[in-house]
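Here's the structure we're looking at; comments come further down.
In each ligand, atom 1 is the first atom listed, and ligand 1 is the first ligand listed.
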Amino acid sequence: STEGPASQRAIGQDSMEVLGHSYPRDNFTNVTPKILAKVGRNLHNQSHHPLWLIKERIKAHFYSAYVGRWGNPLFSVHDNLSPVVTVEQNFDSLLIPPDHPSRKRGDNYYVNRKTMLRAHTSAHQRELVSAGLDAFLMVGDVYRRDEIDASHYPVFHQMEGVRLFCNHELFSRVHRGDDLALLERGGRRTPQKQETHSLEAVKLLEFDLKQTLTRLVTHLFGGDVEVRWVDCYFPFTHPSFEMEVRFQGNWMEVLGCGVMEQELLNSAGAGNKVGWAFGLGLERLAMVLYSIPDIRLFWSQDERFLRQFRVQNIQQPVCFQPLSKYPPLHNDISFWLPESSEAFTQNDFYELVRSVGGDMVEKVSLVDEFQHPKTGRRSQCYRIIYRHMERTLTQQEVRLVHEHIERAAEAELGVQGRY
Ligand code: FA5
Ligand code: MG
């Protein structure tokens, strides 16, 4: 791949260079050259890229809607923190237990056992709170091994938002609120609240959080946008919610959020405050806002795509004209899985398809599974849909890539082709 600057290419066998730093490889290393080439692209900082545009619109909204006593913006904005983080930052600092499934090597990009490409912007919550910030937005690229379709891509962008309140700030709007307390002793954890929180504090926090996010999407989409809240779970917030927005007839999840775990605030030196946090997917919002049909388009260098976002004023509406869709070609692949079932995961196959096929691949889906009645061996069949965003693919080039995938699957995943 020639996409990334030379400084990011792998050097030697024992180490890997990312953003000018060298990291030793070990048996956890699974960052591929294709992924490495995306590190440092920083689409969210590229002037007039749709992700930049949506970041600027959200910044402008927060700057004008939330001002301090002297007219200063309440929220500070951070968009330049390196995506290379410690495993401790990405998981431990957020109270994610050592055996939690989200840590799986198969779901993340590890530089080595101790270092990874961040899987979410929440990885920076503790350091930014420790630095003394009470209200901030943090934007960055995040990396996950995931399925392949129109709304999932191994690199995407999130915005984290955090707001902390001391007793006075939270209760100042309540009549005689000074008598209320944020924290209580000897309480119990319930579906509504954490053990150390008072119910009054949590209800006000939850109200402020949901109101802040509802105002944000109303600002972005206009008053007609349909929104709903779904209860969910994160190890670093309680209670926790997801916001869904109605898009092309379906409910689409755009963010996760909740009341920050008090233990996290304690560890960051802010134990006298309570707070809320959210993490939203910028691609998801931009796809709804501009009717962008496929997440791969954000990486397009095609002028027909990029020029549509070069507006004079960031509030000017963008009327996105989708590029014409080129015809898809599909091809199936079946193989016997290795005898030991731990030796193969579906994400390993998705990663391989991505490494070989790149952005020619629109979608990969498991279409059939079969277990041999006598030998007990299992076989799987995947359908790969090939379609390029910018040109028509020929049968010939698709066949070459497909054959390359067949060979690589046998060589690298220990499967046995039924080709
Ligand atoms: C998180 O990443 C949490 N860190 C969010 C959070 C922050 C919760 C602070 C509480 C407090 P989740 O994995 O659901 O949660 O991702 C958040 C959002 O990122 C999703 O709602 C979605 O908009 C976006 N997202 C997730 N996976 C992908 C993907 N593969 N491609 C594009 N966008 C994605
Ligand atoms: Mg989610």
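Ring to ring, Tyr66 and Phe75 are close: their centroids are under 6.0 angstrom apart. Ring centers of Phe165 and Phe171: at least 6.0 Å apart, outside the cut-off. Ring centroid separation for the pair Phe320 and Phe305 comes in under the 6.0 Å cut-off. Less than 6.0 angstrom separates the ring centroid of Phe309 from the ring centroid of Tyr290.
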Can you list every pair where an N/O of ligand 1 is under 3.5 Å from an N/O on the protein?
unit_1, atom_1, unit_2, atom_2, d
ligand 1, 2 (O), Arg144, NH2, 2.9
ligand 1, 2 (O), Gln158, NE2, 3.2
ligand 1, 4 (N), His120, ND1, 3.0
ligand 1, 4 (N), Ser122, OG, 2.8
ligand 1, 13 (O), Arg144, NH1, 2.9
ligand 1, 13 (O), Arg144, NH2, 3.1
ligand 1, 14 (O), Glu253, OE2, 3.2
ligand 1, 16 (O), Gln158, NE2, 3.4
ligand 1, 19 (O), Gln158, NE2, 3.2
ligand 1, 21 (O), Glu253, OE2, 2.7
ligand 1, 21 (O), Val254, O, 3.4
ligand 1, 21 (O), Leu255, N, 3.3
ligand 1, 23 (O), Val254, O, 3.0
ligand 1, 23 (O), Gly281, N, 3.4
ligand 1, 30 (N), Asp146, OD2, 3.4
ligand 1, 31 (N), Ser151, O, 3.4

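Inspection of the environment of the Mg ion (ligand 2) yields the following protein N, O or S atoms under 2.8 Å: Glu253 OE2.
Checked by atom type, the side-chain pair Tyr109/Glu351 shows a donor-acceptor distance below 3.5 Å.
By the 30° and 60° cut-offs, the orientation of the rings of His219 relative to His61 is parallel. Using a 30° and 60° split on the angle between ring planes, Phe370 and Trp336 fall in the tilted class, from 30° to 60°.
Looking only at distances, no side-chain donor or acceptor of Arg354 sits under 3.5 Å from a matching main-chain atom of Pro154. At distances below 3.5 Å, not a single donor-acceptor pair connects side-chain atoms of Gln192 with backbone N or O atoms of Leu199.
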